[in-house]
Every structure is written in C-alpha cells, then in structure tokens.
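Just so it is clear, the structure is predicted and the values come from calculations on it, not from any experiment. Chain A is the first sequence line, chain B the second, and so forth, proteins listed ahead of strands; every chain is numbered from 1.
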2 protein chains.
Amino acid sequence: MTTEPTHPGESPSAPAEGEWRPAGMREVAQLAGVSIATVSRALNEPSRVSAEMRLKVENAVRSLGYIRHGAARALSLRRAHAIGAIIPTVDNARRADKIAALQMRCRERGYSLVLALSQYDLSIELQQCRSLVEVGIDGLMLEGGEHDPAIYELLEKRGIAVVNTSVYDPAAAQPNIGFDNSVAARRLTDHLLDLGHKTVGMIAGPVAGNDRAGGRLAGVRAALAARGLPLPPDLVVERPYRIGEGRLGLRTLLARQPRPTAVICGNDVIAIGALIEAQAQGLDVPRDISIAGFDDLDLAAQMPPGLTTMALPAREIGELAADHLIDSLEGKPVAHATEVEVKLILRGSTGPVPSEASPLGVKNPAETRERDPAG
Amino acid sequence: MTTEPTHPGESPSAPAEGEWRPAGMREVAQLAGVSIATVSRALNEPSRVSAEMRLKVENAVRSLGYIRHGAARALSLRRAHAIGAIIPTVDNARRADKIAALQMRCRERGYSLVLALSQYDLSIELQQCRSLVEVGIDGLMLEGGEHDPAIYELLEKRGIAVVNTSVYDPAAAQPNIGFDNSVAARRLTDHLLDLGHKTVGMIAGPVAGNDRAGGRLAGVRAALAARGLPLPPDLVVERPYRIGEGRLGLRTLLARQPRPTAVICGNDVIAIGALIEAQAQGLDVPRDISIAGFDDLDLAAQMPPGLTTMALPAREIGELAADHLIDSLEGKPVAHATEVEVKLILRGSTGPVPSEASPLGVKNPAETRERDPAG
DNA sequence: ATGAAAGCGCTAACAT
DNA sequence: ATGTTAGCGCTTTCAT
C-alpha cells in the first residue's frame with residue numbers, strides 16, 4: 001500500500017527506496033533554492049520577502065505538499081495556536097451551537113480547538129485543564145464562573161488566557177462573556193407574575209458546582225420575594241437536564257399542596273419534559289398550568305402550544321469567546337466582561353393564572369395520550 | 001497581577017526578579033538531584049528506574065507543579081498523542097454522545113481530542129483535515145465513508161490512522177466502525193410493510209456528500225422493491241436535519257397523490273417534526289399515518305405517541321473509534337471493519353395501514369394547534 | 001532582502 | 001540503573 005508513489009512530484013527527497021518522509025521546510029528550501037529562513041518568512045510574513053522568492057517558495061510548498069509541523073512551530077514560538085474548551089457535556093443543542101461557533105471562529109483565525117468534558121464535576125474539570133495545559137493551549141474557554149481556584153492559578157502562572165462563558169459579572173476576577181442568569185430568571189418569572197400567578201414552582205437543574213443553575217434559581221426566588229411571594233422548598237425540585245427528568249420533576253410538583261399554577265424550568269429540555277408530562281396528565285397548557293424554560297431550542301418553537309422561554313445567544317457567546325481569547329493573545333484590548341442579550345420569547349405555554357374555581361384534581365391520565373381528533 | 005508569588009515552593013529557578021517561567025524537566029532534574037534523562041524515564045517508564053529515584057522525581061514534579069510540554073514531547077517522539085475528529089455538525093444529540101464517548105476514551109488513554117466541523121461539505125472537510133494534520137494528530141475519526149480521496153492520500157503519506165464511523169462496509173478501503181445504513185433502513189421499512197403499508201414516503205436528509213443519508217434512502221427503496229412496490233420520486237423529499245424542515249417535508253408529502261400512509265424519516269429530528277406536523281394537521285398518529293425515524297433520541301421515547309425508530313449505538317461507536325485508532329497506533333491488531341448493532345424500537349407512531357375507507361382530505365389545520373381538552 | 005546558526009523542551013540512543 | 005548528548009522541525013536573532 002504505502003509503496004506506490006501514485007502522486008506526481010512529491011518525493012524528490014527520498015533517493016533510496018526507504019520510507020517516505022513528509023517534506024519539511026528543509027526540502028522546501030532546497031527545492032526553491034533558498035534558505036530555510038526565507039521559507040519561514042515567506043510563510044509567516046510574506047511582506048518581508050521579495051515577490052520572486054515568495055513565488056518560488058509557494059511553488060515548492062505546493063509541489064511537495066508541504067504542511068507546517070505544528071509541534072515544532074509551537075515549541076519554537078512558545079505558542080501552540082490552540083484553544084481549549086472545557087464544557088460539562090455536549091448534549092445540549094444550544095451548547096453544541098456554542099462549541100460550533102467557537103470552533104469555526106478559532107479555525108478562521110488560525111487556531112484549533114481542543115475539547116474536553118467535565119461532566120458537571122469540578123474536579124474532573126481541573127484534571128482536564130491540566131491535560132489541556134500539557135497539550136499546549138494558549139487560551140481556555142470555561143463554562144460558567146464556578147471553578148476550582150487551582151485552575152486559575154495554573155493558567156495564570158503559565159500565561160494562558162481564560163474566559164468564563166454564559167455568565168456575566170463585571171465584578172468577577174476572571175473575564176466573562178454571557179448574561180446574568182439571575183436577572184434573566186427574574187425577568188422570566190416576572191412575566192409569569194404579571195399574568196397573575198402566585199404559586200410558582202421551579203424545576204431547577206443540578207445546582208451543585210453549577211452557578212448558572214444556581215443563578216436561575218436565585219432569580220426566580222428574588223422575583224417572587226420582590227412581590228412578597230414565597231418560594232417554599234416544597235415547590236423547588238432539582239433534576240438533571242433530561243426530558244424524562246423534567247417529566248418526573250413536574251409529577252413531583254403536581255403532587256404538592258398548594259399546587260403551582262406556573263412552573264419555571266432550568267432549561268428547555270426540562271421544560272419540554274414538563275410540558276409533555278402536563279399534557280400526558282390531561283392538563284391543558286397554559287389553561288391549567290403555565291410552563292417556561294431557558295434556551296429557546298428549536299423544539300420550543302415547534303412543540304405545541306409553543307414554549308415560552310428565554311432565548312440565549314449561544315452562537316454569539318461562542319464567537320465572542322474565541323475573539324476574546326485570541327484578541328487577548330494578540331495583545332489587543334479586550335473587555336473584561338461582555339454582556340449578551342437574552343430575549344424573552346412568549347409562546348403558548350404561558351398564560352393567565354387559572355381562575356380559583358378550576359379543579360385541582362388530575363384528569364384521567366390515559367385519555368390524552370392520543371390526541372383528540374376534535375371532530 | 002502576575003507579580004505575586006502566592007504559591008509556596010514554586011520558583012526556585014528564577015533567581016532575579018524576572019518573569020516566572022514554568023518549570024521544565026531541567027528544573028525537576030536539578031531539584032531531584034538526578035539527570036534529566038532519569039526524569040524522563042521516571043515519568044514515561046517508571047519501571048525502568050529505581051524506586052528511590054522515582055520518589056525523588058515525583059516529589060520534585062509535585063513541588064514544582066511540573067507539567068510536561070506536549071509540543072516538545074510530540075516533536076521528539078514524532079507522535080502528538082492527539083486524535084482528530086471531523087464531524088458535519090454537533091447539533092445532533094446522538095452525535096454529541098459519540099463525540100463525548102470518543103473524547104472520554106481518548107483522555108483515558110492519554111490522548112487529547114481536536115475537533116473540527118465540516119458542515120456537511122466535503123471540501124471544507126478536506127481543509128479541516130489539513131489543519132488537523134498541521135496541528136499534529138496521530139489518528140483521525142471521520143463521519144461516514146464518503147470523503148475527498150485527497151484526505152486518504154494525505155493521511156496515508158503521513159502515517160496517520162483513520163477510521164470511518166457510522167458506516168459498516170468490510171469491502172471498503174478504509175477501516176470503519178458502524179452499521180450498514182441501507183440494511184438498517186430496510187429493516188425499518190420492512191416493519192412498515194409488514195403492517196400493510198403500500199404507499200410509503202420518505203423525508204431523507206440531504207444526500208449529497210452524505211452516504212449515510214444516501215444509504216438509508218437506498219435501503220427504503222430496496223425494501224419496497226423487494227415486495228414489488230415503487231418509491232416514486234414524488235414521495236421522496238430531501239430536507240435538512242431540523243424539526244421545522246421535518247414539518248415542511250411532511251406537509252409536502254401530504255399534498256402528494258397518492259398520499260403516503262407511512263413516512264420514513266432520515267433521522268429522529270426530522271421524524272419529530274413530521275410527527276408534530278401530522279398532529280397539527282389533525283391527523284392521528286398512527287391511525288391516519290405512521291412515522292418512523294433513526295437515532296432513538298430521548299425525545300423519541302417521550303413524545304406521544306412515542307416514535308418508532310432505529311436505535312443507533314452512538315456512544316459505542318465513539319468508544320470503539322477511539323480504541324481502534326489508539327490500538328492501531330500502538331501496533332495492536334485491529335479489525336478492519338466492526339459492525340455495531342442497531343435496534344428497531346417499536347413505539348406508538350407506527351401502526352397498521354388505515355382502512356381504504358379513511359378520508360384523504362386534511363382536516364382543519366388550525367383547530368388542533370390547541371389541544372382539545374377532551375372534556 | 002537573505003542566510004547561518006542557536007535554541008525551544010523533550011526523548012532515545014549510546015555510554016558508563 | 002543512570003548520565004551525556006544529539007537531534008525532532010521550526011523561528012529568530014544576528015550577520016551579511
């Protein structure tokens with residue numbers, strides 16, 4: 001297999017029959033009839049080289065299929081041209097957007113993306129950070145603002161740029177790009193409160209080690225408190241970000257007394273679960289219960305009756321994160337904290353509080369498993 | 001900021017007041033009172049070093065917070081300990097699983113994951129591949145088996161391992177791990193055919209440059225052909241993998257004559273869209289129309305009436321891909337093609353073909369936007 | 001504008 | 001079992 005030189009003009013360097021070795025700068029220089037330093041310059045600072053040389057080099061590069069050796073470059077430059085990202089999981093569509101945007105922007109600017117997952121575990125996150133440092137990253141994107149301080153120490157000592165994302169806090173020690181989760185949650189809650197709801201429940205995401213989840217919970221609580229309303233522990237459940245867990249969460253809440261007339265969910269995945277569960281229990285959304293989430297997943301718009309949610313500009317955050325990191329590496333000025341806009345998207349899943357007269361009992365759960373054809 | 005040595009025992013190397021530089025092997029060797037080679041050995045092949053030395057080195061490493069310099073290591077070893085992955089997008093939950101599994105397995109085995117996106121474009125894929133080669137990957141995971149031949153040439157010349165995933169083809173030139181998309185689609189179609197359906201439509205994913213989408217379409221066609229049934233061009237629409245597009249696709253299909261009684265979708269995202277659209281049009285699924293997909297997303301199980309789908313073991317594929325690549329790098333024997341099991345999951349969205357007498361007309365699309373309370 | 005040569009931090013012969 | 005040393009492929013002073 002490896003013995004056939006199917007390709008033209010590619011290995012003028014291997015005289016004997018030995019293993020073919022990818023062409024290096026030396027070979028390029030030789031073929032172009034210039035010095036190795038000129039090749040380097042022609043590649044990195046074309047302007048500092050005569051047009052003639054540049055052409056010769058370009059041709060040699062092309063005909064040898066030369067590709068720079070990143071590790072050597074990194075070693076010499078003491079800059080890997082790589083950005084790391086540690087995220088809890090990839091399984092959320094909005095986070096996938098963020099990573100995609102980050103990757104594309106990095107690529108555009110000549111950086112590659114090394115990805116690591118923390119699974120919502122701060123100690124795994126630290127480990128992964130060490131690995132990334134070893135690989136040789138110049139900058140690191142983190143999710144949220146709650147991290148092992150050892151991470152910051154490590155990064156600072158080695159001059160690695162860092163940015164926390166999906167949180168916004170001008171007072172934080174680390175640069176960040178995002179929005180204030182608490183404020184966003186408060187706005188969402190206010191919407192419900194404006195509709196007359198007084199008994200509001202929450203299905204939060206797991207709060208431990210997750211300041212975004214914690215912030216949202218705090219925001220809901222604050223909005224209620226501002227109107228003299230309580231958020232009894234009874235009406236807060238914490239569930240992982242999965243549809244089935246959202247269903248479970250709502251089931252729990254529906255069993256509580258007093259039963260909430262509105263439920264705010266830690267994100268849309270949970271909210272979709274809650275919506276499905278409500279409908280499965282024969283409740284009409286929003287007539288019997290209002291449901292809202294965060295993220296504005298595609299599904300939020302499509303799923304009847306439409307899910308009211310806070311839209312979070314994930315792509316934008318990813319892009320901004322890449323720019324922040326790379327700008328800062330290039331010595332350009334960067335904002336310490338950048339706020340992106342969240343948007344309250346009103347859809348059919350939230351409505352006025354039910355009249356007092358409405359029955360609290362759950363209707364026959366089976367009957368709504370199939371849609372009524374409304375004939 | 002950088003001037004405060006908040007940390008104990010960390011910079012015995014910087015005598016003057018200058019910039020602190022991360023400790024290298026030299027410093028470790030010095031502190032441990034051994035040679036630099038011993039440090040290297042203690043780190044890489046602990047067994048080849050006396051217990052005493054090992055301990056001294058370990059202590060020095062710890063107290064200096066030493067972290068290996070990956071680029072230097074890669075340069076010397078001519079092995080980057082990095083795996084690349086090029087995927088079309090991350091936005092599919094199953095693909096996210098695959099990437100997560102790949103990443104975790106790589107990490108476990110001492111490799112990092114460099115991620116690149118091709119956006120379903122074969123020429124972008126080639127570009128990204130070049131970038132990855134430049135970064136210095138030892139192995140590459142690709143999605144599907146349809147790629148620019150230049151990719152294979154490039155990789156082969158440089159001795160970079162490659163594996164195609166989510167496809168299975170023992171006859172293919174490149175190693176692969178996955179399943180036969182055509183066979184899977186055929187099985188799914190047979191299920192519908194067994195239920196008596198004769199007019200089957202398909203909402204395929206974009207087929208260009210995507211052999212998985214193409215294979216599934218071919219499988220549906222083959223299953224029909226095997227029973228002497230046609231798949232008229234009229235009943236095939238191609239739509240991007242988004243819920244809204246799935247809705248659109250179904251709308252198109254419902255307008256065709258004869259109208260299909262069963263629709264197979266390129267994946268679950270499209271299928272969910274189709275399901276939502278069917279219900280929005282007042283159709284009962286599966287009484288009026290059967291719908292099936294691929295992937296077995298969480299949502300497939302949760303969304304009433306439950307989506308019949310082919311479950312694809314994405315995590316397993318990701319894990320196997322990591323193992324295949326790394327095993328092969330380590331000189332271990334690896335299978336050229338590995339087949340993973342897909343599983344037909346029967347749920348409520350597929351059922352017997354409607355009786356001939358059923359009306360073909362579409363009911364009022366508006367009325368079912370809100371659920372009938374079935375009171 | 002171009003070339004020669006000294007490293008970047010590590011590993012792996014090759015000594016001892 | 002441990003130490004010495006020559007590169008790995010590139011960038012970058014420093015000469016010219």
Side-chain angles (χ1 to χ4, degrees), chain A residues 13 19 21-57 60-61 64-82 110 133-138 158-159, chain B residues 13 19-58 60-61 64-82 110 133-138 158-159:
Chain A
S13 53
E19 284 278 316
R21 293 269 310 271
M25 245 179 182
R26 222 185 336 255
E27 285 74 38
V28 175
Q30 200 174 320
L31 207 178
V34 302
S35 86
I36 188 176
T38 301
V39 176
S40 176
R41 281 192 281 256
L43 261 35
N44 298 316
E45 298 175 283
S47 61
R48 282 189 43 193
V49 133
S50 73
E52 191 195 12
M53 288 283 152
R54 206 180 315 151
L55 211 69
K56 283 200 282 187
V57 170
V61 164
L64 275 96
Y66 169 72
I67 294 184
R68 277 210 295 255
H69 192 299
R73 190 166 130 93
L75 182 56
S76 182
L77 236 32
R78 244 145 322 171
R79 184 123 292 179
H81 290 272
V133 169
E134 179 169 336
V135 170
I137 53 170
D138 305 323
R158 312 185 96 91
Chain B
S13 53
E19 285 277 316
W20 185 83
R21 294 270 310 272
M25 248 182 181
R26 223 187 333 257
E27 285 74 40
V28 175
Q30 199 174 321
L31 207 176
V34 302
S35 86
I36 187 176
T38 300
V39 177
S40 176
R41 279 192 284 256
L43 260 36
N44 298 315
E45 298 175 282
S47 62
R48 281 189 44 195
V49 133
S50 72
E52 190 195 12
M53 289 283 152
R54 208 180 313 152
L55 211 70
K56 284 200 280 188
V57 170
E58 277 165 9
V61 163
L64 282 133
Y66 169 72
I67 293 184
R68 275 209 295 253
H69 191 299
R73 191 166 130 94
L75 182 56
S76 180
L77 236 31
R78 240 137 337 158
R79 185 124 291 180
H81 290 274
V133 169
E134 180 169 336
V135 170
I137 53 170
D138 306 323
R158 312 184 96 91

Item to check | salt bridge (Lys or Arg N to Asp or Glu O under 4.0 Å) partners of residues 64-78 of chain B, not counting sequence neighbours, each pair once | outcome: A:Glu134-B:Arg68

Checklist entry - Under the 3.5 angstrom rule, does the side chain of A:Asp138 hit a backbone N or O of A:Arg79 as a donor-acceptor pair? => result no

Item to check | Whole angstrom value for the distance that separates P of C:dA1 from CG of A:Leu55 | outcome: 17 Å

Checklist entry - Once you round it to whole Å, what is the distance between C1' of C:dC8 and NE2 of A:His69? => result 13 Å

Next on the checklist: On the nucleotide C:dG3, are OP1 or OP2 found under 4.0 Å from the side-chain N or O atoms that A:Thr38 carries?
Outcome noted: yes

Next on the checklist: At 10 degrees resolution, what angle do the end axes of the helix from C:dA1-D:dT16 to C:dT16-D:dA1 form when each is taken over five base pairs?
Outcome noted: 40°

Item to check | Where at least one partner belongs to residues 34-52 of chain B, residue pairs that pass salt bridge (Lys or Arg N to Asp or Glu O under 4.0 Å), sequence neighbours excluded | outcome: B:Glu45-B:Arg48

Next on the checklist: Distance check needed: C:dG9 C1' versus B:Glu27 CD, whole Å only.
Outcome noted: 10 Å

Next on the checklist: I need a per-nucleotide contact map over nucleotides 11-16 of chain C, read 5' to 3'. Cutoff is protein heavy atoms under 4.0 Å; write B for the base, S for backbone only, - otherwise.
Outcome noted: BBB---

Checklist entry - Is B:Glu58 atom CD crowded by more than 12 heavy atoms from other residues, nucleotides or ligands, each under 6.0 Å away? => result yes

Checklist entry - Considering residues at least two apart in sequence or located in another chain, which fulfil the side chain to side chain donor-acceptor pair (under 3.5 Å) criterion with A:Ser50? => result none

Next on the checklist: Under the rule for side chain to side chain donor-acceptor pair (under 3.5 Å), what residues qualify as partners of B:Ser40, not counting sequence neighbours?
Outcome noted: B:Asn44

Checklist entry - Where is the tightest heavy-atom contact between B:Ala71 and A:Ala74, given as atom of each residue plus distance? => result CB-CB, 3.9 Å

Checklist outcome for this item: Exactly one candidate in B:Val57, B:Val28, B:Val49 meets side chain to side chain contact (heavy atoms under 4.5 Å, CB included) with B:Val34; the answer is B:Val57

Item to check | Minimum side-chain heavy-atom gap A:Val39-A:Arg26 below 4.5 Å | outcome: no

Checklist outcome for this item: Min and max contacting nt of DNA chain D in 5' to 3' order, chain B heavy atoms within under 4.0 angstrom, are D:dA1 to D:dG9

Checklist entry - Taking the side chain as C-beta and beyond, is there a heavy-atom pair between A:Tyr66 and A:Met25 under 4.5 Å? => result yes

Checklist entry - Just wondering, do A:Val135 and B:His81 contact through their side chains at under 4.5 Å, heavy atoms? => result no

Checklist outcome for this item: Between B:Arg78 and B:Val49, whichever has its closest DNA chain D nucleotide further toward 5' is B:Val49

